[in-house]
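Data first, discussion second: the structure below is written as structure tokens.
In the text below, chain A, chain B and the rest are named by the order of the sequence lines, each starting its count at 1. Reckoned from all heavy atoms, side chains included, excluding hydrogens, waters and symmetry mates. All values reported here derive from a predicted model rather than from experimental measurement.
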Amino acid sequence: MAYWLVKSEPDAFSWDEQVANGVEPWTGVRNHQAKKNLTAMKAGDRAFFYHSNVQRAIVGVVEVVREGYPDPTAETDKWVCVDVKAIAPMPTPVTLAQIKAEPTLEDLALVRQSRLSVCPVSAEHWQILCDMGEWQEPA
DNA sequence: GCCAACGTTGGC
DNA sequence: GCCAACGTTGGC
């Protein structure tokens with residue numbers, strides 16, 4: 001299983017909406033590197049749900065339930081989206097400031113490439129971030 | 001609101 | 001194919 005981090009501006013699409021909707025298509029990616037990451041996602045992969053801009057924190061965890069397919073919101077079929085399902089919120093949201101203050105996370109794609117909206121997360125970094133957020137696997 | 005990073009576009 | 005101009009994203 002691979003791990004990821006997906007970003008959304010809460011003004012456009014928030015974690016609360018993700019929870020309310022359950023399964024939601026992750027659309028609107030118009031960047032080739034982000035698309036590459038979306039394409040590499042497998043069903044069952046986990047991703048952190050990150051609020052950019054106003055909150056700047058990891059606020060929840062989602063699971064990939066449908067692998068890459070053409071993004072219906074794109075004018076051409078060259079862009080890709082996946083479906084993700086809300087699993088649970090982070091008990092303690094992990095802020096960007098905390099992430100930047102943690103030396104073991106300095107290579108995180110989120111930090112190194114702040115504009116990339118879909119980033120891979122290594123298993124080691126995933127574990128560190130789960131610890132920081134006091135993540136508990138739902139029963 | 002400003003600015004840095006980065007992607008895209010278009011002239012040459 | 002290079003590079004300047006411009007637009008967008010996202011942190012501060």
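- Taking the 5' to 3' direction, DNA chain C first and last meets chain A under 4.0 angstrom from a heavy atom at C:dG7 to C:dC12.
- With hydrogens and angles left out, the side-chain atoms of A:Trp26 and A:Asp83 include no donor and acceptor closer than 3.5 Å.
- Side-chain atoms of A:Arg30 and A:Ser117 include no donor-acceptor pair closer than 3.5 Å.
- Take the nearest nucleotide of DNA chain B for A:His32 and for A:Ser114: the residue whose nucleotide is more 5' is A:Ser114.
- Rounded to the nearest 0.5 Å, atoms CZ (A:Arg66) and SG (A:Cys81) are 7.0 Å apart.
- Relative ring orientation between A:Tyr3 and A:Trp126 is described as parallel, the plane-to-plane angle staying below 30° on a 0-90° scale split at 30° and 60°.
- Using a 3.5 Å distance cut-off with no hydrogens or angles, the side chains of A:Glu9 and A:Ser52 do not pair a donor with an acceptor.
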